[in-house]
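Quantities reported herein were computed from a predicted structural model and do not represent experimental measurements. Chain letters run A, B, ... following the sequence lines, proteins first and then strands; every chain starts at 1. Excluded from the calculations below are hydrogen atoms, water molecules and symmetry mates; all remaining heavy atoms, backbone and side chain alike, are included.
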Amino acid sequence: MLEASFIRDNLEAVKANCKNRLATHAEVEKAVTLDDMRKKLVGDTQTIQQRANEISQLIPKEKNATKKQELIVEGKSLRERKTTMEGEVKRVEADLHAALLTIPNMTHPDAPVGATPADNKVVKRWGEPRKFDFVPKDHVAIAEALDLVDFEAGAAVTGQKFYFLKNEAVLLELALVQFTIHKLVAKGFTPVITPDLARVEVLEGIGFMPRDPNPETRQVYTVADTDLCLIATAEITLGGMLRDKILDEATLPKKYVGLSHCFRTEAGAPGRDTKGLYRVHQFTKVEMFAFCTAEQSEAMHLEILAIEEEIFQGLGLAYHVLDTCTGDLGGPAYRKYDLEAWMPCRGEIDKTTGRPKGEYGEVTSTSNCTDFQARRLNIRYKSAGQKGTKVAYTLNGTAVAVTRAIVAILENYQQADGSVVVPEVLRTWAGKEIIKRQ
RNA sequence: GGAGAGGUGGCAGAGUGGUUGAAUGCGUUAGUCUCGAAAACUAAUUUAGCCGAAAGGCUAACGAGGGUUCGAAUCCCUCCCUCUCCGCCA
């Protein structure tokens with residue numbers, strides 16, 4: 001959330017930014033108008049309060065009974081006016097709040113301006129897409145042949161796009177979790193296992209819209225008869241973890257690595273990636289999250305990106321890094337880098353060879369959200385010897401989204417005989433070098 | 001889930017209707033003293049909003065939200081949380 005006063009002072013820049021970000025429903029003008037109303041009302045209310053305070057101090061000193069009665073009557077009428085006005089203030093504040101939620105964060109000046117994923121800029125490539133001397137199978141076929149995933153049971157028990165992991169897929173998940181968490185702990189991140197549910201206000205603070213009245217576009221599952229949602233990422237719970245806290249600047253940056261399940265309705269993506277593990281309603285994810293100062297945030301962002309790269313280099317998976325364009329940033333991100341790993345069987349089939357062309361598919365994403373999330377969550381920091389507090393900066397990044405990593409591993413590490421080699425870094429944790437069936 | 005106790009500033013802990021944003025102690029910071037330090041002494045020490053160039057002023061906040069009252073940390077109601085005991089459970 002941006003501050004109303006910031007919007008007022010930077011009106012044109014905010015409007016231009018909303019346009020770049022395709023935030024067509026952003027209520028920029030309305031927010032400023034409502035903030036003006038709020039200021040006026042608050043000022044008036046305070047003037048009344050001031051007079052009421054004076055009177056209540058005069059009353060016990062007043063000896064004359066008639067005059068005393070007059071003061072009491074005046075105090076009473078002031079209270080009534082104040083109550084009315086406070087009601088108005090509340091209404092205006094609620095409207096202002098709603099308007100502010102529609103306005104996205106500002107954008108890093110170097111982020112590419114553009115409307116579609118095609119405008120994302122490739123800033124780095126690592127590794128070569130693997131060339132196969134046989135026709136590679138996609139991860140669904142591999143998983144089926146090796147009895148690694150049961151989609152049918154997932155559909156029967158829960159619904160479409162749910163699944164059971166089985167056999168070595170389970171070991172792979174646990175290995176990926178171990179590998180990444182141990183790496184992050186070694187880098188000074190505090191490991192956390194978070195709740196898989198969170199309150200609506202926390203979701204909103206992070207930038208989700210759990211109150212979206214339209215179930216066709218709502219991104220998260222809500223739990224009936226409560227104000228809880230299933231989290232779409234541990235970013236929600238990790239960010240919420242320090243809400244309403246005032247941090248000591250000397251302790252920043254605070255770095256956490258969180259493990260959670262993620263639940264996504266995938267509204268707005270109907271029919272896309274219907275097969276397999278690529279787009280599912282539930283998956284396990286290891287997430288990095290950092291709280292820091294404004295000055296530290298860009299370096300922190302690059303640090304998180306470097307760790308994501310290190311993880312995928314460790315897994316031996318070719319990837320490229322995208323600098324996400326304005327239209328694709330979403331609400332809270334000031335700048336966002338995505339890692340897309342090479343998935344040999346993603347995308348179309350080549351008509352002439354009959355082989356899949358392969359595509360890069362998103363496996364991680366890291367965002368610098370500046371103070372956009374922390375302002376709503378009321379997370380601030382204080383420096384020694386300085387008066388007042390500043391709003392903290394928050395950053396997040398995927399260490400590993402397990403299902404997508406499994407897709408990439410199965411497709412990239414498959415062999416002609418149908419077996420799959422376990423990436424070396426995972427072997428200790430998975431307890432195997434190869435996945436095969438007799 | 002049931003019974004009881006409780007939630008006040010960085011911490012401890014007073015305060016039960018009227019200049020109490022809040023005693024006192026500890027802590028922290030600055031100053032005095034000292035060659036330096038300790039001790040002692042002096043002073044400062046919450047956050048947010050609004051106004052102001054600034055100095056500063058005003059308003060709000062004693063778990064949260066309502067209510068009573070001219071006036072609430074203090075009285076009433078609802079909710080939340082913590083602790084102890086019991087129940088249930090992994």
Side-chain angles (χ1 to χ4, degrees), chain A residues 1-9 31-100 193-205 223 225-229 237 240-252 254 259-261 291 293 371-392:
Chain A
M1 187 175 66
L2 297 179
E3 224 163 346
S5 60
F6 174 87
I7 298 170
R8 184 202 326 279
D9 296 342
V32 174
T33 312
L34 285 167
D35 190 48
D36 288 337
M37 285 170 68
R38 185 190 62 88
K39 271 191 180 174
K40 172 95 172 63
L41 281 168
V42 167
D44 293 351
T45 311
Q46 286 187 359
T47 310
I48 293 171
Q49 181 63 251
Q50 197 174 335
R51 175 64 186 151
N53 285 348
E54 279 167 25
I55 290 175
S56 63
Q57 279 174 25
L58 290 176
I59 288 172
K61 293 179 200 149
E62 184 57 66
K63 297 287 177 280
N64 181 311
T66 319
K67 282 187 182 159
K68 193 168 192 153
Q69 196 50 42
E70 280 171 14
L71 287 172
I72 288 174
V73 169
E74 185 183 354
K76 199 167 190 159
S77 86
L78 284 172
R79 193 191 74 225
E80 279 158 11
R81 277 175 61 197
K82 197 193 83 185
T83 306
T84 316
M85 290 182 69
E86 279 173 350
E88 285 177 50
V89 170
K90 269 193 183 169
R91 269 205 315 283
V92 170
E93 277 178 345
D95 291 349
L96 171 62
H97 181 242
L100 289 174
I193 293 178
T194 86
D196 286 340
L197 286 86
R199 294 179 198 275
V200 164
E201 314 106 73
V202 175
L203 281 273
E204 280 183 350
V223 180
D225 303 323
T226 70
D227 66 341
L228 295 175
C229 305
T237 38
M241 193 165 66
L242 296 186
R243 78 160 164 148
D244 296 320
K245 291 269 187 289
I246 297 175
L247 313 173
D248 179 351
E249 181 173 358
T251 67
L252 300 179
K254 276 183 179 293
L259 171 65
S260 83
H261 292 115
F291 301 89
T293 67
D371 53 0
F372 191 83
Q373 297 178 323
R375 184 168 296 115
R376 279 293 319 282
L377 293 168
N378 192 27
I379 303 169
R380 292 166 294 158
Y381 65 93
K382 210 175 155 64
S383 8
Q386 271 184 32
K387 241 184 128 57
T389 55
K390 294 179 196 155
V391 180

Verify the contact: side-chain N or O of A:Arg38 to OP1 or OP2 of B:C50, cut-off strictly under 4.0 Å; return yes or no.
-> yes

Rounding to the closest angstrom, what is the interatomic distance between B:C70 and B:G17 at atom C1'?
-> 12 Å

Can you tell me how far C1' in B:G6 sits from the matching atom in B:A48, rounded to whole Å?
-> 28 Å

Salt bridge flag under 4.0 Å for residues A:Asp44 and A:Lys40 = yes

List the atom of A:Leu100, the atom of A:Met1, and the distance in Å for their closest heavy-atom pair.
-> CB-CG, 3.8 Å

Can you tell me how far P of B:A60 sits from CG of A:Asp44, to the nearest Å?
-> 15 Å

Pairwise C1' distance, B:A44 and B:A37 [rounded to whole Å] | 23 Å

Nearest listed nucleotide, side chain of A:Val42, among B:G49, B:C51, B:C70 = B:G49

Considering heavy-atom distances to RNA chain B, does A:Val73 or A:Arg380 have its closest nucleotide positioned more toward the 5' end?
-> A:Arg380

Looking only at atom C1', what distance separates B:G15 and B:G21, rounded to whole Å?
-> 13 Å

Please determine if a side-chain N or O atom of A:Lys382 lies less than 4.0 Å away from the OP1 or OP2 oxygen of B:U46.
-> no

B:U46 and B:C62, which share atom name C1', separated by this distance in whole Å = 12 Å

For B:A64 and B:G7, measure between their P atoms and round to the nearest Å.
-> 13 Å

Stepwise side-chain contact (heavy atoms from CB on, under 4.5 Å) check, A:Thr293 with A:Glu249 | CA-CA 8 Å; A:Thr293 67; A:Glu249 181 173 358; 3.9 Å; yes

Does the distance from a Lys or Arg side-chain N to an Asp or Glu carboxylate O, for A:Arg8 and A:Asp36, drop under 4.0 Å?
-> yes

To the nearest angstrom, how far is A:Asp244 atom CG from B:A48 atom P?
-> 13 Å

Check whether any side-chain N or O of A:Gln49 sits under 4.0 Å from OP1 or OP2 of B:A60, and answer yes or no.
-> yes

Nearest-Å distance for atom pair CG/P, residues A:Asp36 and B:C51 | 10 Å

Can you see which heavy atom on A:Met85 is nearest to which on A:Leu41, and at what distance?
-> CE-O, 3.9 Å

Where do A:Val202 and A:Gly240 come nearest, in terms of heavy atoms and distance?
-> CG1-CA, 3.8 Å

5′-ward residue of the pair A:Lys76/A:Glu54 relative to RNA chain B | A:Glu54

For A:Gln57 and A:Glu54, run side-chain contact (heavy atoms from CB on, under 4.5 Å): C-alpha distance rounded to whole Å, both residues' side-chain angles, the deciding distance at 0.1 Å, then the answer.
-> CA-CA 5 Å; A:Gln57 279 174 25; A:Glu54 279 167 25; 6.0 Å; no

Expressed in whole Å, how much space separates the C1' atoms belonging to B:G9 and B:U28?
-> 13 Å

Separation of A:Gln57 atom CD from B:U20 atom C1', in whole Å?
-> 12 Å

Considering only side-chain heavy atoms of A:Lys39, which listed nucleotide, B:U59, B:C50, B:A48, is closest?
-> B:C50

Between atom CG in A:Leu247 and atom C1' in B:U46, what is the gap in whole Å?
-> 16 Å

Within less than 4.0 Å of OP1 or OP2 of B:U47, is there a side-chain N or O belonging to A:Thr389?
-> no

Grab the stems for RNA chain B, please: at least three consecutive Watson-Crick or wobble pairs, both distances below 3.5 Å, written as range with range.
-> B:1-7 with B:80-86, B:10-12 with B:24-26, B:27-32 with B:40-45, B:46-51 with B:56-61, B:63-67 with B:75-79

Please test A:Met241 against A:Lys254 for side-chain contact (heavy atoms from CB on, under 4.5 Å), starting from the C-alpha separation and ending with a verdict.
-> CA-CA 12 Å; A:Met241 193 165 66; A:Lys254 276 183 179 293; over 6 Å; no

Is any side-chain N or O of A:Gln46 under 3.5 Å from a base N or O of B:G49, one able to act as donor and the other as acceptor?
-> yes

Whole Å only: how far is the CD1 atom of A:Ile246 from the P atom of B:A48?
-> 6 Å

Residues within residues 78-100 of chain A bordering RNA chain B, heavy-atom distance below 4.0 Å = A:Arg79, A:Lys90

Result for side-chain contact (heavy atoms from CB on, under 4.5 Å) between A:Ile379 and one of A:Asp371, A:Leu247, A:Thr389 points to A:Leu247

Among the nucleotides B:C70, B:A48, B:U59, whichever has the atom closest to the side chain of A:Ile59 is B:C70

Can you tell me how far C1' of B:G10 sits from NZ of A:Lys245, to the nearest Å?
-> 14 Å

Can you tell me, in whole Å, how much space there is between the C1' of B:C58 and that of B:G1?
-> 49 Å

Kindly check if the number of other-residue, nucleotide or ligand heavy atoms within 6.0 Å of CZ (A:Arg38) is above 12?
-> yes

With respect to the phosphate group of B:A60, does any side-chain polar atom (N or O) of A:Asn53 fall under 4.0 Å of OP1 or OP2?
-> yes

CZ/A:Arg81: more than 12 non-hydrogen atoms of other groups inside 6.0 Å | no

Gap between atoms CG and C1', on A:Leu71 and B:C70 respectively (whole Å) = 8 Å

